[in-house]
Amino acid sequence: MNQLPKRALNYPSAERNKSFILKVLKEHIVGSDAVSMLEVSSGTGQHAGHFAANLPNVTIQPTEVDESLFESITAYAGQVPGGNMKNPVKLDVLDGPWKLDTTYQYLLNVNMFHVAPFSCAVALFTYGSQVLIPGGLMFTYGPYADQGRIEPQSNVDFDRALRGQNPEFGLRDIQDLKAVASQVGISLKQAHNMPANNKVLVWEKVAN
């Protein structure tokens, strides 16, 4: 994508991490068959636009609870050459079962867990499992704790700041997420270390 319409918002953090997340997606989305991905909490649409432009066989459905971001998401969708990024639909992760008319091979969520109550993580797995096909993959990106530990110090400070802002926010422990996911037939397949002390966790819905 070249020059973007003025309606397309550009967040520096999304601009910094989009290429690294794309590299992980390419490792797990193999082949040229037409597949579909649901993105939950799409924000500005920067990620979906970048991924759709670089994964032409993947049709991406952005969703967002904040309708003020729809114009930006739609602007990015209009810039994707293959037309494989759809216009956004409203989705509140807590309002389930999600009212979607299809199932997906992939589900993507970037930077939501730590800036939302833990109930949103539970809902993502619970309702996400209902729209993922058996064997489908879920990608979640962000900073995490693991076995009660947060590393490095910058993430400790970040977690403290988030909890000071809202006691329901904070870095989620991978082990807690695994326990929640297992209840709905989803298991952690792989964890990719990313720049800025983040990770992409790759989850798989167990085939029936």
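In what follows, residues are counted from 1 in the order of the sequence shown.
Taking 4.5 Å as the limit, every side-chain heavy atom of I186 sits out of range of all side-chain heavy atoms of V206. Using a 4.5 Å cut-off on side-chain heavy atoms (C-beta onward), T63 and P88 make no contact. Counting heavy atoms from C-beta outward, D176 and F118 have side chains that approach closer than 4.5 Å. In this structure, Y76 and N10 have side chains that are in contact, with non-hydrogen atoms separated by less than 4.5 Å. By the 4.5 Å heavy-atom criterion applied to side chains, V110 and S41 are not counted as neighbours. Side-chain contact between L107 and M37 is absent, with no heavy-atom pair separated by less than 4.5 Å. Contact check for Q46 versus E15: side-chain heavy atoms found under the 4.5 Å cut-off. Residues I73 and N87 fail the side-chain proximity criterion, which asks for heavy atoms closer than 4.5 Å.
Under a hydrophobic-cluster definition in which Ile, Leu, Val, Met, Phe, Trp and Tyr are linked whenever side-chain heavy atoms come within less than 4.5 Å, directly or via other members, L108 and L201 are assigned to different clusters. Taking hydrophobic clusters as Ile, Leu, Val, Met, Phe, Trp and Tyr residues chained together by side-chain heavy-atom distances below 4.5 Å, V180 does not share a cluster with L171. Hydrophobic clustering (ILVMFWY, side-chain heavy atoms < 4.5 Å, transitive): L132 and M112 are in one cluster. Note on L94 and L177: same hydrophobic cluster, where clusters join Ile, Leu, Val, Met, Phe, Trp and Tyr whose side-chain heavy atoms are under 4.5 Å apart, directly or indirectly. Taken together through direct or relayed side-chain contacts under 4.5 Å among Ile, Leu, Val, Met, Phe, Trp and Tyr, L100 and V184 form part of one hydrophobic cluster.
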Test side-chain contact (heavy atoms from CB on, under 4.5 Å) on N111 and H114; report intermediate values, then the result.
CA-CA 7 Å; N111 280 336; H114 58 287; 3.4 Å; yes

Take K205 and I133 through the side-chain contact (heavy atoms from CB on, under 4.5 Å) test and state the conclusion after the steps.
CA-CA 7 Å; K205 180 177 176 179; I133 66 167; over 6 Å; no

Begin with the C-alpha distance, continue with both residues' side-chain angles, and end with the deciding distance and a verdict on side-chain contact (heavy atoms from CB on, under 4.5 Å) for V131 and T102.
CA-CA 7 Å; V131 300; T102 188; over 6 Å; no

Are V24 and M194 close enough, and set up right, to give a side-chain contact (heavy atoms from CB on, under 4.5 Å), and what steps lead you there?
CA-CA 9 Å; V24 174; M194 306 290 282; 3.8 Å; yes

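Heavy atoms from other residues, nucleotides or ligands lying under 6.0 Å from CZ of F20 number 12 at most.
Between L188 and the choices M138, E204, K178, the side chain to side chain contact (heavy atoms under 4.5 Å, CB included) rule is met once, by K178.
A52 and M85 get closest at one heavy-atom pair: CB-CB, 3.8 Å. Closest of all the heavy-atom pairs between V93 and Y127 is O-CD1, 3.4 Å. Closest approach of P143 to N155, counting heavy atoms only: CB-ND2, 4.1 Å. Shortest non-hydrogen contact noted between S72 and T44 is OG-O, 2.7 Å. Nearest heavy-atom pair across F169 and L162 is CB-O, 3.7 Å. Nearest heavy atoms, Y141 versus V200: CD1-CG2, 3.6 Å.
With sequence neighbours excluded, no residue forms a ring pair (Phe, Tyr, Trp, His ring centres under 6.0 Å) with Y11. Partners of E71 under the salt bridge (Lys or Arg N to Asp or Glu O under 4.0 Å) rule, at least two apart in sequence or in another chain, are R7. The salt bridge (Lys or Arg N to Asp or Glu O under 4.0 Å) test applied to R163 returns D159, not counting sequence neighbours.
Between H28 and Y106, a ring centre-to-centre spacing not shorter than 6.0 Å is recorded.
Using a 4.0 Å cut-off between charged nitrogen and carboxylate oxygen, K90 and E64 do not count as a salt-bridge pair. Ion pairing of R160 with D157 is present here, as a side-chain N (NZ or NE/NH1/NH2) and a carboxylate O approach within less than 4.0 Å.
Note: N197 CG to I150 CD1 = 11.5 Å, rounded to the nearest 0.5 Å. Atom CZ in R172 sits 11.0 Å away from atom OH in Y144 (nearest 0.5 Å). Atom OG of residue S36 and atom NZ of residue K86 lie 7.5 Å apart, to the nearest 0.5 angstrom. To the nearest 0.5 Å, the span separating CD1 on I60 from CG on L55 amounts to 6.5 Å. With rounding to the nearest 0.5 angstrom, the CG atom of L91 is 7.0 Å from the CG atom of L38. Expressed to the nearest 0.5 Å, how far CZ of R149 lies from CD1 of I174 amounts to 10.5 Å.
Side chains of S187 and W203: no donor on one and acceptor on the other come within 3.5 Å. Side-chain N/O atoms of D146 and Q175 include a donor and acceptor closer than 3.5 Å. If you check the side chains of E39 and N109, you find no donor sitting under 3.5 Å from an acceptor.
Side chain of D92 to main chain of V65: no donor-acceptor pair is present (N/O by atom type, distance under 3.5 Å, no hydrogens or angles). Within the 3.5 Å criterion, the main-chain N or O of N57 finds no donor-acceptor partner in the side chain of N84.
Ring geometry for F125 versus F113: interplanar angle of 30 to 60°, hence tilted.
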